[in-house]
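Have a look at the structure below before the remarks.
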Protein chains: 2
Amino acid sequence: MGRSTGRRLGRAGIRDVAAAAGVSITTVSDALNGKGRLPDATRSHVREVADRLGYRPSAAARTLRTGKSGLIGLTVTTYGDEPFTFTEFAYFAEMARAATSAALARGYALVILPATSRHDVWSNVALDGTVVIDPADGDPVVTELVRHGIPVVSDGRPGGSLPVTGWVDNDHEAAVLGLLDHLAEAGARRIGLLTGTTTDTYTRLSTTAYLNWCERVGQDPVYESYPAYDPRAGAVAADRLLARPDRPDAVYGLFDPNGTDLLAAARRYGLRVPDDLLLVCCSESTVYATTDPPITTLSLKPRRIGTAVVQILIDAIEGLDDSCPIEQVIPTDLIVRTSSQRRSPRTTVSPPRGPAGD
Amino acid sequence: MGRSTGRRLGRAGIRDVAAAAGVSITTVSDALNGKGRLPDATRSHVREVADRLGYRPSAAARTLRTGKSGLIGLTVTTYGDEPFTFTEFAYFAEMARAATSAALARGYALVILPATSRHDVWSNVALDGTVVIDPADGDPVVTELVRHGIPVVSDGRPGGSLPVTGWVDNDHEAAVLGLLDHLAEAGARRIGLLTGTTTDTYTRLSTTAYLNWCERVGQDPVYESYPAYDPRAGAVAADRLLARPDRPDAVYGLFDPNGTDLLAAARRYGLRVPDDLLLVCCSESTVYATTDPPITTLSLKPRRIGTAVVQILIDAIEGLDDSCPIEQVIPTDLIVRTSSQRRSPRTTVSPPRGPAGD
DNA sequence: GCGTTGAGAAGGTACGTTTCTGCATGGCAA
DNA sequence: TTGCCATGCAGAAACGTACCTTCTCAACGC
């Protein structure tokens with residue numbers, strides 16, 4: 001009976017490699033992980049034998065032993081009945097792509113998890129850390145994770161003094177103020193807002209920034225809210241906004257589809273863009289470069305956010321907390337197109353602020 | 001010495017629960033997992049103690065013991081230098097969302113992995129199975145996974161006799177043929193194609209279906225190809241297509257952004273849609289419902305594909321191979337809008353084929 | 001000749017579960 | 001009484017790795 005000989009059921013284990021190479025288990029482990037003091041001859045020999053046997057170390061065993069799984073949770077908040085809904089496809093896709101890429105470069109992989117899900121799923125996967133997107137105030141999942149000593153970095157400033165390890169966010173107030181100034185400079189007299197009924201930080205900050213701006217310049221706020229997770233509601237809300245007696249001559253839409261929603265509504269009311277109505281919306285989609293007219297968009301730079309979030313998180317996991325700031329503000333980017341320019345309708349792309357690149 | 005007493009370093013383990021509840025480890029395990037023969041009294045007592053101690057079973061240990069991790073890989077093929085590029089954001093986002101949701105409902109989580117990545121990342125995570133999106137012919141990663149006995153289900157028919165466990169796909173040929181017939185019925189005399197230079201199955205099948213259709217009806221093929229992963233190239237290719245001497249009076253664009261690309265190009269050449277040019281593109285994006293004019297799109301039903309892929313995979317993992325077919329064809333959905341109708345430009349949405357729902 | 005040093009490699013334990021096997025106990029029929 | 005089964009639980013062996021400790025052996029200075 002014995003363990004060294006015997007069952008060929010599963011894949012080759014470290015024991016088999018050791019036996020085949022005529023060395024001990026320790027030597028195999030050291031040789032493959034670049035540790036210990038071994039002559040190069042032994043190292044390469046072991047490596048060769050391992051290759052020949054098709055040996056792959058068991059991730060589970062390694063995780064159990066080392067306590068590190070190399071897995072990072074990517075958590076998105078849920079809106080509807082679906083496990084989760086991406087209000088902004090392009091934003092999430094870009095952000096997730098960058099995060100995946102950054103994690104991979106450092107040897108980590110991302111696990112997609114909805115914030116609200118059965119507890120067994122959460123404890124069924126060993127996470128070294130977690131990225132949460134726009135956590136709600138006092139989010140129980142985040143609290144629990146932190147209590148278990150798992151680093152958590154959030155995309156979006158955490159509300160309610162959530163004890164996160166760090167966060168990355170845009171300066172939403174500044175972005176909205178800058179954008180409203182831009183519209184005012186282009187000749188807007190009354191700027192409207194298309195916003196959401198949800199309570200997430202992004203919506204809240206942007207809306208209050210708008211209200212503050214209105215108060216500062218002495219304009220009555222003109223806005224309509226709708227549940228952002230319902231794609232149809234956007235078109236209806238856009239219509240409502242332009243049907244008001246105090247119809248705005250410029251509109252900023254907080255969500256990705258608002259650009260086309262507003263454009264369609266403007267057409268229905270016979271309003272020409274940008275002549276009768278200036279338009280800006282927050283979006284990462286490239287379709288707004290080729291609409292008629294092209295629409296000015298505010299980019300939140302999801303790529304940079306995704307990268308930054310992961311870097312901070314992995315630094316925290318590996319104990320390099322000080323290599324970069326724990327809280328980072330990523331500048332936004334206003335991509336000015338025809339829809340917000342009353343003068344020269346020829347300009348297509350010109351980022352007015354923020355450092356170059358990406 | 002002494003393991004039962006001693007270090008309070010980490011979190012509570014099953015041993016601590018057993019000690020606190022005054023029972024054996026076995027009893028705790030059985031009570032928590034609903035196994036063994038225990039009176040309900042013991043069960044609830046153990047559960048309560050475990051709760052009080054904040055006990056969470058170690059995923060790594062469980063995986064090591066059982067051989068099941070509850071993790072499913074979601075692999076996307078890479079195009080550029082980025083780990084991976086989503087040519088179609090909306091498609092991927094929807095598909096991934098549905099897959100995540102379906103996996104979660106059955107107690108699994110999804111791990112995002114690029115198909116081509118350093119080997120250590122792949123072996124660093126214990127996967128019960130993998131979903132691959134549109135694998136290339138003879139994909140080495142897939143081959144290796146299968147060789148290690150890991151079930152693999154692909155989104156898109158696997159080329160080159162890849163030994164996958166199952167696959168889900170649309171009937172791309174039928175979709176293209178149906179769509180071309182639709183355009184012809186709307187009065188198109190010469191239908192052009194905007195296609196890609198990549199060799200993936202989707203592009204290949206769709207293009208050959210187009211060529212076959214042309215041969216059948218006796219029309220000269222009119223098409224332009226471009227590298228689909230480059231968003232700028234699409235606009236250029238659309239322009240090229242409409243600049244040709246044998247300019248088509250209808251165009252089908254294979255990729256998501258082609259709708260706006262073609263619309264913009266049409267405007268540049270003074271072509272009215274749908275009067276001078278009929279337009280259809282393959283897209284999951286809702287923006288095409290509100291463009292001017294609304295554009296007819298072909299939906300590949302990513303939600304249903306994502307769900308089906310995961311179901312098949314998990315069935316295979318759990319050994320229920322026969323509960324549903326191993327190969328599934330999901331019907332596509334042509335969403336007819338103004339851009340492909342020369343007669344009644346009022347109709348907006350009417351799925352012509354496929355069963356109802358979703 | 002002897003302690004010292006350091007390289008090279010092996011032994012063995014622990015990581016935290018699941019689960020197989022087995023030991024009591026008690027009721028019931030033979 | 002004896003045999004037998006069902007019940008309730010405990011012991012201990014894995015799972016495959018990493019790493020701490022120990023061992024051997026040769027070289028070397030004194």
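Throughout, protein chains are lettered first and strands after them, A, B, ... in sequence-line order, and every chain is numbered starting at 1.
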How many angstroms lie between OG1 in T201(A) and CH2 in W167(A), if you round to the nearest 0.5 Å?
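T201(A) OG1 to W167(A) CH2: 11.0 Å, rounded to 0.5 Å.
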Just to be sure I understand the geometry, which residues of residues 27-34 of chain B put a non-hydrogen atom under 4.0 Å away from DNA chain D?
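Listed by number, they are T27(B).
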Expected rows: protein N/O vs nucleotides 25-28 of chain D N/O, under 3.5 Å:
none

Give me the residues of residues 38-46 of chain B where at least one heavy atom lies under 4.0 Å from an atom of DNA chain C, by number, or none.
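When residues 38-46 of chain B is checked for heavy atoms under 4.0 Å from DNA chain C, there are no hits whatsoever.
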Using a cut-off of 4.0 Å on non-hydrogen atoms, how would the nucleic acid contact of T26(B) be classed: base, sugar-phosphate, or nothing?
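The residue T26(B) makes base contact.
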Just checking I25(B): base, sugar-phosphate only, or nothing, at a heavy-atom cut-off of under 4.0 Å?
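It contacts base atoms.
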Identify, with sequence neighbours excluded, every residue that meets side-chain hydrogen bond (donor to acceptor under 3.5 Å, both in side chains) alongside T42(B).
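Scan of T42(B) (side-chain hydrogen bond (donor to acceptor under 3.5 Å, both in side chains), adjacent residues dropped) gives none.
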List in chain and number order the residues that pass side-chain hydrogen bond (donor to acceptor under 3.5 Å, both in side chains) with S69(A), two or more places apart in sequence or in another chain; answer none if no residue qualifies.
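side-chain hydrogen bond (donor to acceptor under 3.5 Å, both in side chains) list for S69(A), sorted by chain: D128(A).
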Atom pairs, N/O to N/O, protein against nucleotides 25-28 of chain C, distance under 3.5 Å?
none

Who passes side-chain contact (heavy atoms from CB on, under 4.5 Å) against [X], sequence neighbours left out?
X: A60(A); value: S58(A), T63(B), L64(B)
X: I25(B); value: I14(B), R15(B), A18(B)
X: D30(B); value: T26(B), K35(B), L38(B)
X: S44(A); value: none

Sub-3.5 Å donor-acceptor pair from the side chain of T100(B) to the main-chain atoms of A96(B), do we have one?
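Between the backbone of A96(B) and the side chain of T100(B) there is a qualifying donor-acceptor contact (under 3.5 Å).
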Distance below 4.0 Å between [X] side-chain N/O and [N] OP1 or OP2:
X: R62(A); N: dA18(D); value: yes
X: R37(B); N: dT7(D); value: no
X: S24(A); N: dA10(C); value: yes
X: K35(A); N: dA18(D); value: no

Show every salt bridge (charged side-chain N to carboxylate O under 4.0 Å, His left out) that has at least one partner inside residues 147-158 of chain B, sequence neighbours left out.
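The answer is E144(B)-R147(B), R157(B)-D169(B).
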Summary of salt bridge (charged side-chain N to carboxylate O under 4.0 Å, His left out) pairs that have at least one residue in residues 36-47 of chain B, sequence neighbours excluded:
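Applying salt bridge (charged side-chain N to carboxylate O under 4.0 Å, His left out) to every pair that reaches into residues 36-47 of chain B, excluding sequence neighbours, yields nothing.
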Closest approach of A98(A) to T307(A) (non-hydrogen atoms, all atoms of both residues):
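Closest pair (atom of A98(A), atom of T307(A), distance): CB-OG1, 3.8 Å.
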